[in-house]
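Here's the structure we're looking at; comments come further down.
Throughout, protein chains are lettered first and strands after them, A, B, ... in sequence-line order, and every chain is numbered starting at 1.
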There are 2 protein chains.
Amino acid sequence: MKEFEKLSERQRNILYFMDQYMTEHGFPPTIRDIGAATKIDSTSVVNYNLNKLVEAGFLERVASKSRGLRLVKPIPNGRNVMVRSSDTLLRVPHIGTIIAGQPVSIDVDIDPDNAVEVPQTWLNGVDPNEVYALTVHGDSMIDAMIQEGDLVILRKTTTARNGDMVAVWLDERNETTLKYFYDEGSRIRLQPANPTMGPIFVDYRHCQVQGKVLSVMRRLK
Amino acid sequence: MKEFEKLSERQRNILYFMDQYMTEHGFPPTIRDIGAATKIDSTSVVNYNLNKLVEAGFLERVASKSRGLRLVKPIPNGRNVMVRSSDTLLRVPHIGTIIAGQPVSIDVDIDPDNAVEVPQTWLNGVDPNEVYALTVHGDSMIDAMIQEGDLVILRKTTTARNGDMVAVWLDERNETTLKYFYDEGSRIRLQPANPTMGPIFVDYRHCQVQGKVLSVMRRLK
DNA sequence: TACAATATAGAACAATCATTCCGAACATGG
DNA sequence: CCATGTTCGGAATGATTGTTCTATATTGTA
């Protein structure tokens, strides 16, 4: 990154030390800590360079507060664990599994312990309160490019717009499936994500939307 | 959580405030900050309760250090962003795309601006420094249950164990692909994730492992 | 070269901050 | 009820820590 290279060596060392100290201790170092670590034995010089780093956008400071220091921009080859991230982790209730042979069951009483932590980004701006997660069971979602064990993040809804991937309950076939939704007036076309597979057509009365898929996450072993 | 309920109201308030203050400021509050927020106007009482919380395993303290305080156990209904043991958002360098017709290119100088924020959980405990992310281009990964636009989280490695899903470069076929890896001694079997598709067999000399897939994330529109 | 801007060093200062001590209030079990 | 342990309040103490000031180098530039 160009911006990082523009910094003086001392300033880069300060950032590296901040990064390391934060991950190690969970709180920022003092000016004197920084000085000791970067071989600057004048607090004013450390202070000077810290202000430079604030100007450069790498740090934020809170005046007159001990350790009133925070990394706000990730640094190359750093842990960057404690960098204030632009994203937030949200706890999404994990309310069960989705199996082909059953409608999705949405429990009313949500166990807060039973939650998945998902970056807010992956909710596509949807209100977190109407989002839930399901684990996929069985291989029947293969035509949706979804396999056993995948975590599906859904938005609670009973309607859908064309092009949405939705979880639908087909009472005629007695199965739940994940497909792209297209309302063709006289019928609903449900298109598999896998382009090698053909669509299925159902009457809208036999096609109950249970949720709109926001994202799919798969964890390999 | 049973253990949390055993705490006094003051102690629970302290934890909530800690959690809030940490996410807001990026560093822990002082004893006086805590006192002001929880309506305890004696620093010694705050100090007393902080030590109780250390005994209960919710906090860690560093003696005689300002703000030498850290949450080590997630609290119910808290943000828990800065809790050491809870899930953390990590910045994973997003170093390009994976396309069937090309080997994966791993740039040496990583641009930290080009990063994806991923919950640490999804790294399966792998050292964050050897993890990178790629976006999938083209439909050629369909047999790996991966489609256009998917984000693949990989661990940098040139070796693989049986059963790993790996990104491999097949110089004979001139393509990169994601498959399950099985060393059968005389040859390498590369098994698609999609069970309806058959494996391919290659000589190990023509099968260069570029990374092990840790997880796959798909964001629907 | 001369001038200005930037960077460094050291010291003194002032505010922040954790610790400690004492005594009182409160609870709990015998 | 008493005895014991826990929790609390207030204040004093001393160490930690950020800020400021002055003086000196270093660098870049006209």
Out of C:dA18, D:dG10, D:dG18, minimum distance to the side chain of A:T30 belongs to D:dG18
The nucleotide from D:dC8, D:dT19, C:dT19 with an atom nearest the side chain of B:R10 is D:dC8
Quiz item: Quick one: are the ring centres of B:F4 and B:Y16 less than 6.0 Å apart?
Solution: yes
If I take atom [atom1] in residue [X] and atom [atom2] in nucleotide [N], what distance separates them, rounded to the nearest angstrom?
X: A:I31; N: C:dC17; atom1: CD1; atom2: P; answer: 13 Å
X: A:E9; N: C:dA7; atom1: CD; atom2: C1'; answer: 14 Å
X: A:I34; N: D:dT16; atom1: CD1; atom2: P; answer: 17 Å
X: A:D33; N: D:dA15; atom1: CG; atom2: P; answer: 18 Å
X: A:R61; N: D:dG18; atom1: CZ; atom2: P; answer: 8 Å
X: B:L69; N: C:dC17; atom1: CG; atom2: P; answer: 13 Å
X: A:Q11; N: C:dA7; atom1: CD; atom2: C1'; answer: 10 Å

Of B:S8 and B:K65, the one whose closest nucleotide on DNA chain D sits nearer the 5' end is B:S8
message = Run the side-chain contact (heavy atoms from CB on, under 4.5 Å) test against A:N13 and tell me which residues pass, sequence neighbours left out.
response =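 Applying side-chain contact (heavy atoms from CB on, under 4.5 Å) to A:N13 gives A:E9, A:T38.
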With sequence neighbours left out, the residues meeting salt bridge (Lys or Arg N to Asp or Glu O under 4.0 Å) with B:E172 are none
With sequence neighbours left out, the residues meeting salt bridge (Lys or Arg N to Asp or Glu O under 4.0 Å) with A:K65 are none
Could you tell me the separation between the [atom1] atom of [X] and the [atom2] atom of [Y], rounded to the nearest 0.5 Å?
X: A:T158; Y: A:Q210; atom1: OG1; atom2: CD; result: 10.0 Å
X: B:L178; Y: B:I146; atom1: CG; atom2: CD1; result: 4.5 Å
X: B:K221; Y: A:R161; atom1: NZ; atom2: CZ; result: 12.5 Å
X: A:L71; Y: A:M18; atom1: CG; atom2: CE; result: 4.0 Å
X: B:T176; Y: B:L170; atom1: OG1; atom2: CG; result: 7.5 Å

Reading nucleotides 23-29 of chain D from 5' to 3' and marking B where a protein heavy atom lies under 4.0 Å of the base, S where only the sugar-phosphate is that close, and - otherwise, the string is -------
Hey, what are the protein-to-nucleotides 26-28 of chain C N/O distances that come in under 3.5 Å?
none

Taking atom types as they are modelled, is there a donor-acceptor pair under 3.5 Å from the base of D:dG18 to the side chain of A:S66? no
- Task: Kindly say whether, by distance alone, the side chain of A:S64 makes a donor-acceptor pair under 3.5 Å with the base of D:dG18?
- Result: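 Counting by modelled atom types and ignoring angles, no donor-acceptor contact under 3.5 Å is found here.
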So the salt bridge (charged side-chain N to carboxylate O under 4.0 Å, His left out) pairs with at least one residue in residues 202-212 of chain B (sequence neighbours excluded) are B:D164-B:K212, B:D203-B:R205
Mind checking side chain to side chain donor-acceptor pair (under 3.5 Å) for [X] and listing every partner two or more places apart, or none if nothing turns up?
X: B:R12; result: none
X: B:N47; result: B:R61
X: B:S42; result: B:S44

Rounded to 10°, the helix from C:dT1-D:dA30 to C:dG30-D:dC1 deviates from straight, judged by its five-pair end axes, by 30°
**OP:** Quick one: do A:L220 and B:L214 satisfy side chain to side chain contact (heavy atoms under 4.5 Å, CB included)? Show the steps, please.
**Re:** CA-CA 5 Å; A:L220 283 295; B:L214 300 176; 5.9 Å; no
Sorted by number, residues from residues 44-53 of chain A placing a heavy atom under 4.0 Å from DNA chain C are A:S44, A:V45, A:Y48, A:N49, A:K52
- Query: Once the angle between the rings of B:Y21 and B:H25 is folded into 0 to 90°, is it parallel (under 30°), tilted (30 to 60°) or perpendicular (over 60°)?
  - Reply: parallel
task: Give a yes or no answer on whether the side chain of A:N49 reaches the backbone of A:V45 with a donor-acceptor pair at less than 3.5 Å.
output: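 Flag set: sc A:N49 to bb A:V45 pair under 3.5 Å.
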Are the side chain of A:S66 and the backbone of B:S66 linked by a donor-acceptor contact shorter than 3.5 Å?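 Not a single qualifying donor-acceptor pair exists.
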Pairs under 3.5 angstrom, nitrogen or oxygen only, protein versus nucleotides 12-14 of chain C, please.
none

